[in-house]
Amino acid sequence: MAQALIEVLNLEVRYGGIAAVRGVSFAVEPGEMVCVIGANGAGKTSTLKALARMIPSSGEIHYDHLRVEKMLSHELISKGLALVPEGRGVFARLTIRENLLMGAYHRNDTADIDADLDKIFVMLPRLKEREKQLAGTLSGGEQQMLAIGRAIMGRPKLLLLDEPSMGLAPIMVEKIFEVIKGVAAQGVTVLLVEQNAKLALEICSRGYVMENGRITVADTSANLLADSRVRAAYLGE
Ligand SMILES: Nc1ncnc2c1ncn2[C@@H]1O[C@H](COP(=O)(O)OP(=O)(O)OP(=O)(O)O)[C@@H](O)[C@H]1O
Ligand SMILES: [Mg+2]
């Protein structure tokens, strides 16, 4: 896949004696929306953290024509790779506006930053209404929106999302997924990790199933949704 935006070859993540990711290979092409589904402890978060260089790993990571395994996470952010972490990681004691601006800390195009902030407030009006409120006082769903907004402020090419639906009521999950679709429609490539397999497969064109640190199935969303094993294990059918 010469034209992949990100390609991972034989990725491994270890925590002491525990092998959390055991030789994973996959690729995402520009403009694609791809998901990784799998049970608790399968290694999904570890995979995303390794891609964002937040934890050490072995194997090759090719991103935007660069070998990035030796890079630091902030270098990757400035190259357009953004991670919205599991549990959101907003800065509780900063305001909504300050949190959003943190997402643009590596940019110096002040006028464009202001314009992007305005765009995000149009896309996420709940955040506009609460612009000066401390992020720690937001509801879980609003914090998830803020975490996505903050990532968008970095003008990412590749957005990694770790369980954006976690702990949210169905109506809020629907809203968050609408936002993610909107971001993808603007041309941002999306790699989505989700335990909510049904929703993830509905918005992504392809998916990977991760089990015990390995990718065990890779297919189109339509095929995965029809696969009896996937249905039994991940769709509760
Ligand atoms: N910091 C850590 N130290 C030790 N082991 C860890 C650490 N982080 C993760 N692990 C272990 O690595 C394995 C994979 O964890 P990971 O968080 O990547 O799974 P996951 O697929 O994201 O799970 P979940 O769906 O519950 O978020 C688990 O067995 C976990 O206990
Ligand atoms: Mg996880």
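For ligands, and for the atoms within them, numbers begin at 1 and follow the listed sequence.
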Any chance the side chains of Glu32 and Thr189 put a donor and an acceptor closer than 3.5 Å?
-> no
Considering only heavy atoms, which of Ala20, Ala19, Gly38 lies nearest to atom 13 (C) of ligand 1?
-> Ala20
For residues Arg88 and Gln144, is any side-chain donor paired with an opposing acceptor at under 3.5 Å?
-> yes
If you measure from atom 16 (P) of ligand 1 to every heavy atom of Ala39, Ala42, Ser46, which option wins on shortest distance?
-> Ser46
Indicate whether any N or O donor in one side chain lies under 3.5 Å from an N or O acceptor in the other, for Asn10 and Ser25.
-> no
For Arg93, look at atom CZ and say whether over 12 heavy atoms of other residues, nucleotides or ligands are found less than 6.0 Å away.
-> no
Looking just at side-chain N and O atoms, do Thr95 and Glu131 make a donor-acceptor pair shorter than 3.5 Å?
-> no
Hey, is ligand 1 close enough to Gly43 that some N/O pair sits below 3.5 Å?
-> yes
Judging by distance only, is a nitrogen or oxygen of Thr47 under 3.5 angstrom from one on ligand 1?
-> no
Do the charged groups of Lys157 and Asp64 touch, with an N to O distance under 4.0 Å?
-> yes
The closest protein heavy-atom partner of atom 26 (O) of ligand 1 is Asn40 ND2, 2.7 Å
Shortest non-hydrogen contact between Leu224 and Tyr208, atoms and distance = CD1-N, 4.5 Å
Does atom 31 (O) of ligand 1 have a protein heavy-atom neighbour under 4.0 Å away?
-> no
Would you call Asp162 and Lys49 a salt bridge, using N to O less than 4.0 angstrom?
-> no
Do Gly41 and ligand 1 have an N or O pair less than 3.5 Å apart?
-> yes
If you take all heavy atoms of Met145 and Leu124, which pair is closest and at what distance?
-> O-CD1, 3.6 Å
Atom 25 (O) of ligand 1 sits nearest the protein heavy atom Lys44 NZ, 2.7 Å
Where is the nearest protein heavy atom to atom 4 (C) of ligand 1: which residue, which atom, and how far?
-> Tyr15 CB, 3.3 Å
Which heavy-atom pair separates Ser57 from Val13 by the least distance, and what is that distance?
-> CB-CG2, 3.9 Å
Would you call Glu129-Arg126 a salt bridge at under 4.0 Å N-O?
-> no
Specify whether the nearest protein heavy atom to atom 9 (C) of ligand 1 is under 4.0 angstrom away.
-> yes
Closest to atom 27 (O) of ligand 1 among Met166, Glu86, Glu163 (heavy-atom distance) | Glu86
Answer yes or no: are there more than 12 heavy-atom neighbours, outside Asn212 itself, under 6.0 Å from its atom CG?
-> no
The Mg ion (ligand 2) neighbourhood, protein N/O/S only, threshold under 2.8 Å = Thr45 OG1, Glu86 OE2
Counting from 1, what ligand 1 atoms have a heavy atom of Thr45 closer than 4.0 Å?
-> 17 (O), 18 (O), 20 (P), 22 (O), 27 (O)
